[in-house]
2 protein chains.
Amino acid sequence: MLTYSEENYLKTIFHLSLGQKKGVSTNAIAAKIETKASSVTDMIKKLNEKQLIKYQKYQGVTLTAEGIMAAKMIVRKHRLWEVFLVEKLGFNWDEVHDVAEELEHIKSEKLINKLDAFLEYPTQDPHGDPIPNAKGEIKLVDKQLLSEIDINTKVVCVGVKDSSSEFLQYLDKHKISLGTVIEIVDIEPFDQSYTIGLHQHTITITKKIASNLYVKVISA
Amino acid sequence: MLTYSEENYLKTIFHLSLGQKKGVSTNAIAAKIETKASSVTDMIKKLNEKQLIKYQKYQGVTLTAEGIMAAKMIVRKHRLWEVFLVEKLGFNWDEVHDVAEELEHIKSEKLINKLDAFLEYPTQDPHGDPIPNAKGEIKLVDKQLLSEIDINTKVVCVGVKDSSSEFLQYLDKHKISLGTVIEIVDIEPFDQSYTIGLHQHTITITKKIASNLYVKVISA
DNA sequence: ATATATTTTTAGATTTGTCTAAAATTTAGT
DNA sequence: ACTAAATTTTAGACAAATCTAAAAATATAT
Ligand SMILES: [Mn+2]
Ligand SMILES: [Mn+2]
Ligand SMILES: [Mn+2]
Ligand SMILES: [Mn+2]
C-alpha cells in the first residue's frame, strides 16, 4: 500500500520522465513537489526499496514497470475526478486541480471504475489531457503547440500545457476554450506575437501564450 | 486546519457524546478509533489546546461549540458522499462506509456544497442517518428501535443502528431495506424473538436484529 | 587539467501520531 | 474506609516525512 506522499512522488517522476529519456534528477523532483533535495533523496531510497523506481546514486531515477502503472493509476484518478468536478458539479476548469490533488489519493479501485462508468468513459480531462483507462492505456491524440504553427492556418484548441488558474482565467477572459477555432492571421517577427482570429473577434497574444496552447490543424 | 487524525477524533467524540450527558471517556474513544488509551490522551491534549474540546484530566472530554461544528461538517461530508456512492455510482449500502471514511477528509467547502446541490439536498444517508446542512443543522426524524415496538403494530423501516456490512447484508438477504413495511406478528416471551410479516413472506428475527433496526409506526 | 560551481547525499534534528510499560488517579466491592 | 480493580496519564521509544548544514560527487569553464 502506497502512502499519500509516495503517490505524489511517483506521479511527479512519471510526469517529469515523459519529456526525456534520461533519469529524472533529484532537483527536478524537489522543484515540482516543492520540497528539499535531501527529502527527495530519502523518499527515492524508499521507492527504490519497494521496486517502484530504479535508482543509482547521483544518476537520477527511472520508474519500473510497476512504478509506471502505479503512477498511471494516480493520473487516471486525478483526471477522472477533474471531469466529475467540471461535468457533474459545475466547477470551472481553473478550479479543479487542487481538489483533484486530494481526491486522486482515495484508495478504491471499485470507486474509480464506477466513476469512470458514470462519466461514460471520458478519454480526456477538462484541460485536454488524456485519461489512462483501467488497464493503464493512454490514447494519445496528436496535437501541437500553437507556437509551432504557421501563418494562415486554421486550428482548433485541444488542450493546455500550463493548467494554472492564471492561464486558464486568461483564456476564459478571451473566450478561448477547448474546441475553439483559431485562425492564425499574423505572426510578428520581432517578438513572435500572434494575431489570431476567433469566433467573433481578433486578438494579439504573446509567444508565451502561444506556447502553452495545444491545437490541432484543421486546414492550411 | 485540521489533520486527518484530528478530524477522526472529533467525529468520534461527537458520535460518542450523543448518547450521554457526561464527558466522553478516553477508553471509549480508544475503542472506537481502535487505538491505545495513551494515544488518545495525547490527541486530547492537542484538541484541547486548539479549543475544540474541553478537557480535565481523568474527567473525559466534551466538544466546544467550535468542535461540534467541525464534527458536524465531517459527518455531513461522510453522509453526502455515501449518498453519492449509492445514488449516482450504484454502490450497495453495505459498501460505502469505508470509502466515505476517506472522502470525508477532502478539504473543500465548495466541493461539498456543490455535491449537496448535485444530490438535491438529501436529508438522510443510505442508512437513514440525518445529514447536517451547510449550517450544521440536523433535522431529526422520530424513530424507534423495532425492539421497542409492541405486537400487532405496523411499522416502516427507516434506518439502521448498526451499519456494518454484515448486518446490512443480513437485511439484504431478507429483503429488508429502508421503506420496507413490517408487521409485528408475534413476540416470543422466552427470547424476545420477533415474528414479522414482510411484503410477501414472514420471518423470525432475533432480539439482536430487532434492536438494530429503526422503524416508524404506521398504525397500531 | 584543474579549479569552481552545481548537484546530490549524508548526518542529525524535528514534528506528528503512534506504541509499551509504568505510575497516578478514580471507581467499585466489601 | 480500605483495598483491589479499572481507567487514565506519563515517560520514553519509534516510524514517517520533513528540514538544515555539511560533506561528497559530478558537471562546467577556462
Ligand atoms: Mn490537474
Ligand atoms: Mn487536468
Ligand atoms: Mn458510514
Ligand atoms: Mn451512513
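Lettering follows sequence order; numbering is per chain, from 1.
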Q.
For a quick test of reading the model: is some side-chain N or O of A:Tyr58 closer than 4.0 Å to OP1 or OP2 of C:dT6?
A. no
Q: Please check the phosphate of D:dT7 (OP1 and OP2 only) for any side-chain N or O of B:Ser25 closer than 4.0 Å.
A: no
Q) When you check the phosphate oxygens OP1 and OP2 of C:dT16, does a side-chain N or O of B:Thr3 lie under 4.0 Å from one of them? A) no
Nucleotides 10-15 of chain C: which of its N/O atoms have a protein N/O under 3.5 Å away?
from   : atom 1 : to      : atom 2 : distance (Å)
C:dT10 : OP1    : A:Lys57 : NZ     : 2.5
C:dT10 : OP2    : A:Lys45 : NZ     : 2.5

Q: Taking side chain to side chain donor-acceptor pair (under 3.5 Å) as the test, write out the residues that go with A:Glu104, two or more places apart.
A: A:Lys11, A:His78
Q) Closer than 4.0 Å, any side-chain N/O of A:Asn27 to the OP1 or OP2 of C:dT8? A) yes
(Q) Is any side-chain heavy atom of A:Tyr9 closer than 4.5 Å to one of A:Leu2? (A) no
Q: Could you name each residue pair satisfying ring pair (Phe, Tyr, Trp, His ring centres under 6.0 Å) that touches residues 102-148 of chain A, not counting sequence neighbours?
A: A:Tyr4-A:His105
Q) What pairs with A:Lys107 under salt bridge (Lys or Arg N to Asp or Glu O under 4.0 Å), at least two apart in sequence or on another chain? A) A:Glu7
Q) Quick one: which of D:dT20, C:dC19, D:dT18 gets closest to the side chain of A:Lys36? A) D:dT20
(Q) Does anything in residues 15-33 of chain B form a side-chain hydrogen bond (donor to acceptor under 3.5 Å, both in side chains)? List the pairs, not counting sequence neighbours. (A) none
**Q.** Contacts of type side chain to side chain donor-acceptor pair (under 3.5 Å), residue A:Asp94, not counting sequence neighbours
**A.** A:Ser165, A:Gln169
